[in-house]
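The structure appears right after this line, and notes come after that.
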Amino acid sequence: MADVQRTLVLIKPDAVQRELVGKVVERFERKGLKIVAMKLAHLDEVTLSEHYGHLKEKPFFGDLLKFMMQTPVVAMIWEGIGVIDEVRKIVGSTNPREADAGTIRADMSMNVPSNMVHASDSVEAAQVEIKRFFRDEEVFTYEKLTDRFHFGEGI
Ligand code: DAT
Ligand code: MG
């Protein structure tokens with residue numbers, strides 16, 4: 001089969017507060033990606049310090065952690081062919097005012113860190129992040145009637 005991958009997505013507190021959870025999920029569903037895990041999680045400082053470890057020297061690091069702890073986030077795993085890059089395309093670039101029109105960040109947000117969504121940015125990051133947020137038994141493998149359109153030969 002083609003290059004089927006899994007990626008970790010978090011719907012951040014700004015989107016939860018602004019009642020946009022459904023809109024975000026809809027974008028990925030409409031694309032033809034498969035949801036294989038989903039839950040609410042109230043993140044703590046230890047998890048976030050790991051998750052955003054690449055930013056720990058930045059002046060905004062403390063504010064970023066506070067922001068991410070304001071409400072629970074919606075943690076999800078999406079599956080599909082080349083899904084890591086596909087999801088990053090749908091999410092758009094980090095600064096919502098520089099993101100391409102049509103992306104989630106461009107269409108529904110204006111600022112960092114309130115840019116609605118986190119998505120893994122590489123195969124290695126996806127593996128680590130999936131393990132960080134989900135136990136094996138929380139992740140599902142199942143067939144959908146639409147799999148032949150999205151995972152097969154496309155006919
Ligand atoms: P991305 O979320 O696009 O992968 P990143 O990993 O560089 O971007 O940064 C993680 C998050 O940190 C980002 O979604 C929002 C926040 N952030 C990044 N740069 C920022 C800045 N200059 N000021 C405030 N928050 C920032
Ligand atoms: Mg990142």
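Order of listing sets the numbers, starting from 1, for every ligand and every atom in it. Computed from a predicted model, the values in this text were never measured in an experiment.
- Of all atoms in ligand 1, numbered sequentially from 1 with element shown, those under 4.0 Å from a heavy atom of Leu64 are 12 (O), 16 (C).
- Protein heavy atom closest to atom 11 (C) of ligand 1, with residue, atom name and distance, is Tyr52 CE2, 3.9 Å.
- When only non-hydrogen protein atoms are considered, atom 8 (O) of ligand 1 lies nearest to Thr94 OG1, 3.2 Å.
- Residue contacts with ligand 1: Asp121 is excluded, as none of its non-hydrogen atoms falls under 4.0 Å.
- The protein non-hydrogen atom at the shortest distance from atom 23 (N) of ligand 1 is Phe60 CD2, 3.5 Å.
- How far CE of Met110 is from CE of Met116: 13.5 Å, rounded to the nearest 0.5 Å.
- Using a 4.0 Å cut-off between heavy atoms, Arg105 contacts ligand 1 through its side chain alone, with no backbone atom that close.
- Contacts between Lys58 and ligand 1, counted as non-hydrogen atom pairs separated by less than 4.0 Å, are absent for every part of the residue.
- A donor-acceptor contact under 3.5 angstrom links the side chains of Arg97 and Asn111, judged on distance only.
- Residue-ligand proximity, Lys12 to ligand 1, at heavy-atom distances under 4.0 Å covers atoms 13 (C), 14 (O).
- For ligand 1, the atoms lying closer than 4.0 Å to a non-hydrogen atom of Arg88 are 1 (P), 3 (O), 4 (O).
- Ion pair Lys89/Asp100 not flagged as a salt bridge, since none of the NZ, NE, NH1 or NH2 atoms sits closer than 4.0 Å to an Asp/Glu carboxylate oxygen.
- Under a 4.0 angstrom heavy-atom cut-off, His51 registers as lying outside contact with ligand 1.
- Other residues, nucleotides and ligands place no more than 12 heavy atoms under 6.0 Å from the NZ atom of Lys56.
- To the nearest 0.5 Å, atom NE2 of residue His51 and atom CZ of residue Arg132 are 6.5 Å apart.
- Atoms of ligand 1 found under 4.0 Å from any heavy atom of Leu55, numbered from 1 in the order shown, are 9 (O), 10 (C), 12 (O).
- Per-residue contacts place Asn115 under 4.0 angstrom from the following atoms of ligand 1 (heavy atoms of the residue considered): 13 (C), 14 (O), 15 (C).
- Summarising the local packing, NZ of Lys66 is surrounded by 12 or fewer heavy atoms from other residues, nucleotides or ligands at distances under 6.0 Å.
- Using cut-offs of 30° and 60° for the angle between ring planes, the Phe28 and Trp78 rings count as tilted.
- If you check which protein heavy atom lies closest to atom 5 (P) of ligand 1, you get His54 NE2, 4.0 Å.
- At least one cation-pi condition fails for Lys12 and Phe67: the charged atom is not both under 6.0 angstrom from the six-membered ring centre and inside a 45 degree cone around its axis.
- For the 3.5 Å distance criterion, the side chains of Ser120 and Glu129 qualify, holding a donor opposite an acceptor.
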